[in-house]
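Structure first, commentary second.
For ligands, and for the atoms within them, numbers begin at 1 and follow the listed sequence. As the structure is a prediction and not an experimental result, all values here were calculated from the model. The analysis underlying the following values was restricted to heavy atoms, covering all of them including side chains, and did not include hydrogens, waters or symmetry mates. In this chain, residues are counted from 1 in sequence order.
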Amino acid sequence: MKKKQQHPGGGADPWPHGTPLGGAPPGLGSWKRRVPLLPFLRFSLRDYGFCMATLLVFCLGSLFYQLSGGPPRFLLDLRQYLGNSTYLDDHGPPPSKVLPFPSQVVYNRVGKCGSRTVVLLLRILSEKHGFNLVTSDIHNKTRLTKNEQMELIKNISTAEQPYLFTRHVHFLNFSRFGGDQPVYINIIRDPVNRFLSNYFFRRFGDWRGEQNHMIRTPSMRQEERYLDINECILENYPECSNPRLFYIIPYFCGQHPRCREPGEWALERAKLNVNENFLLVGILEELEDVLLLLERFLPHYFKGVLSIYKDPDQQEVCPPPGFKASRPHSQLQSPQRSWLAPG
Ligand SMILES: *[C@@H]1O[C@H](CO)[C@@H](O)[C@H](O)[C@H]1NC(C)=O
Ligand SMILES: *[C@@H]1O[C@H](CO)[C@@H](O)[C@H](O)[C@H]1NC(C)=O
Ligand SMILES: *[C@@H]1O[C@H](CO)[C@@H](O)[C@H](O)[C@H]1NC(C)=O
Ligand SMILES: *[C@@H]1O[C@H](CO)[C@@H](O)[C@H](O)[C@H]1NC(C)=O
């Protein structure tokens, strides 16, 4: 029953159109910590599914034993560990408990969601704890062909363990190619904040220095670069009237072409995937809590992260995320928010 099922290679239809049903064990819901929905998002759920941005979810694997490529063993073990400890902490002396230790972690970081800060923290942590931090120089390619997926998965899988691989890339299905599914983590943020962050990042780079914008948008005209964001929104410039709010979903849905079509299918698959393969999806707005949870659940990677993050001596390395060059007037927040409304 508890044996891990191996299904190398995958079946004839690697992209089943139906989603697995009914496998979630009772009580799974209690493992998701729900952050109260921000009021402005109340209308947005069905259409855009950015409910994900308001949930701090840590998902401990559901028991889809019957499916090929089910949740990683680690998530099942952690779930059991937590289940036992919660009960016994309240009702009796705890037995000796061993926190399961994953040796393969993937952080497929979403752009403009604080990932620079987290990667800088990871660099410090990897020296401190001696894990293998594998980063990628490719920052602008999140979708891969089948061959590229295979090659990348092969590369990642041969990295010396314990490793933490990170790259801006849509979810990769390791078990589809016969690999061990690693444990995923990620951080997302309020989509409007993400839009603002991206708007300024494209123009002025970030706190890391001036040279950034030259790399990113070298051909941008000066009028466009210094375009006031209020004007951009009120005058319906394409950049501001089509804010690509769907952007986050494929990071969780995966590499299937349908994952890039805004719609219910991609959203449902993303949610399923978050449940099955992600240990934690944090929200940037609560970064300290996210770091604390990472420290608790992945101590071999993240022990001490919060004190590094808060250390005044590290402020240069780790400035507070969400640097802002300027903000739109507060009344302009509401037209932006209205993007989130159905329509
Ligand atoms: C946790 O509980 C399960 C059953 O609920 C039991 O089989 C398992 O041995 C327990 N694990 C520990 C470490 O106590
Ligand atoms: C990604 O960036 C590299 C240079 O950094 C560039 O050569 C390449 O064309 C870019 N690819 C895409 C898909 O934008
Ligand atoms: C895989 O690793 C090799 C050698 O380290 C490298 O040359 C190649 O570009 C990598 N491929 C991918 C897709 O990362
Ligand atoms: C991953 O691949 C396996 C095997 O092909 C498949 O059963 C599973 O549904 C896939 N999961 C996702 C999220 O694509």
Can you tell me how far apart CZ (R203) and CD1 (I229) are? Round to the nearest 0.5 Å.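 Taking CZ in R203 and CD1 in I229, the distance rounds to 7.5 Å.
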
Is R269 in contact with ligand 4, taking contact as a heavy-atom separation below 4.0 Å?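 Yes, R269 has a heavy atom closer than 4.0 Å to ligand 4.
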
Taking L196 as the starting point, is it possible to reach M220 by hopping between hydrophobic residues whose side chains are less than 4.5 Å apart?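 No; tracing contacts between hydrophobic side chains, which count when under 4.5 Å, never links both residues.
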
Heavy-atom contacts with R176 under 4.0 Å: which atoms of ligand 4 show up? List them by number with element.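 Counting from 1, the qualifying ligand atoms are 2 (O), 4 (C), 5 (O).
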
Distance under 4.0 Å to a non-hydrogen atom of N273: what atoms of ligand 4 satisfy this?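 Reading through ligand 4 atom by atom, the close ones are 13 (C).
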
Which word best sums up how the rings of F278 and Y184 line up, parallel for under 30°, tilted for 30 to 60°, or perpendicular for over 60°?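 Ring orientation, 0 to 90° scale: tilted.
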
Check whether any side-chain N or O of R189 sits under 3.5 Å from a backbone N or O of K112 as a donor-acceptor pair, and report yes or no.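 Looks like yes, one N/O pair under 3.5 Å.
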
